[in-house]
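A quick note: this is a predicted structure, and the numbers were derived from the prediction, not measured. Residues take their numbers from the sequence shown, with the count starting at 1.
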Amino acid sequence: LVGEASAGVRYLPATCSVDQGRQRLQFVASDSTKMSQHCNLVDIVDLYAVSVDGEDRFPRTLLDMMREEEKSRLLRLRYRVPGAQARSVCFLEADVQGVLTMMQVLKGLCAHAAGPRRLSKR
């Protein structure tokens, strides 16, 4: 997980998992904070990657604090929260191939969670 902190970029090693029913995505920090962030897969609005979508979809203050090598591995997941504004979480993959894999896997999981009634006809 990547976020802004008063002294620069804050990096929290974390794991990303999906529940057994493939309906919910969760990030859990593996440090002492055990901070977590989760969302229902059907609530995911979009997934952006600097290496695919460019920097416009990311907080400028965060990008300004990151090294170029990190930016190529950066993703931002936006999701709806009932009764609130959309939220997002930024995270790094190990490499650019990991970014592409994560995007493909999440697209498939979101389609599965949406079920046949919400799938595009394309």
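Contact detail for A49 and V99: the closest heavy-atom pair is CB-CG1, 3.5 Å. Of all the heavy atoms in M103 and D53, the pair that sits closest is CE-OD2, 4.2 Å. Nearest heavy atoms, M65 versus V9: CB-CG2, 3.2 Å. Summarising the geometry of A29 relative to A14, their closest heavy-atom pair is CA-CB, 3.8 Å, with the distance given to 0.1 Å. Counting all heavy atoms, side chain and backbone alike, V18 lies closest to Q23 at CG1-N, 4.4 Å. Closest approach of M66 to L74, counting heavy atoms only: SD-CD2, 3.8 Å.
You'll find the side chain of R87 stays beyond 4.5 Å of the side chain of R80, heavy atoms only. In this structure, R10 and L12 have side chains that are in contact, with non-hydrogen atoms separated by less than 4.5 Å.
Under the rule for a side-chain contact (heavy atoms from CB on, under 4.5 Å), the partners of V28 that lie at least two apart in sequence or sit in another chain are T15, Q26, S36. Residues forming a side-chain hydrogen bond (donor to acceptor under 3.5 Å, both in side chains) with E69 (at least two apart in sequence, or on another chain): R73. By the side-chain contact (heavy atoms from CB on, under 4.5 Å) test, C39 is found to be paired with L25, I44, L77, Y79, residues two or more places apart in sequence or in another chain being considered. Legend: residues meeting salt bridge (Lys or Arg N to Asp or Glu O under 4.0 Å) with E68, ordered by chain and number and at least two apart, are K71. Annotation: side-chain hydrogen bond (donor to acceptor under 3.5 Å, both in side chains) contacts of R67 (sequence neighbours excluded): E70. Residues passing the side-chain contact (heavy atoms from CB on, under 4.5 Å) test with L100 are V52, Q97, sequence neighbours excluded. Looking at residues two or more places apart in sequence or on another chain, you find a side-chain contact (heavy atoms from CB on, under 4.5 Å) between R78 and V45, Y48, R76, A86, S88. Residues passing the side-chain hydrogen bond (donor to acceptor under 3.5 Å, both in side chains) test with D56, sequence neighbours excluded: none.
Pairs engaging residues 9-29 under the ring pair (Phe, Tyr, Trp, His ring centres under 6.0 Å) rule: F27-F91 [sequence neighbours left out]. Pairs engaging residues 93-111 under the salt bridge (Lys or Arg N to Asp or Glu O under 4.0 Å) rule: none recorded [sequence neighbours left out].
Tested against L106, the residues L41, T101, L75 include a single side chain to side chain contact (heavy atoms under 4.5 Å, CB included) partner, L41.
Atom SG in C90 sits 9.5 Å away from atom CG in L1 (nearest 0.5 Å).
Under a 3.5 Å cut-off, the side chain of S72 and the backbone N or O of S51 do not form any donor-acceptor pair. In this structure a side-chain-to-backbone donor-acceptor pair under 3.5 Å is missing from N40 to D43.
Within a 6.0 Å radius of CZ in R57, no more than 12 heavy atoms belonging to other residues, nucleotides or ligands are found.
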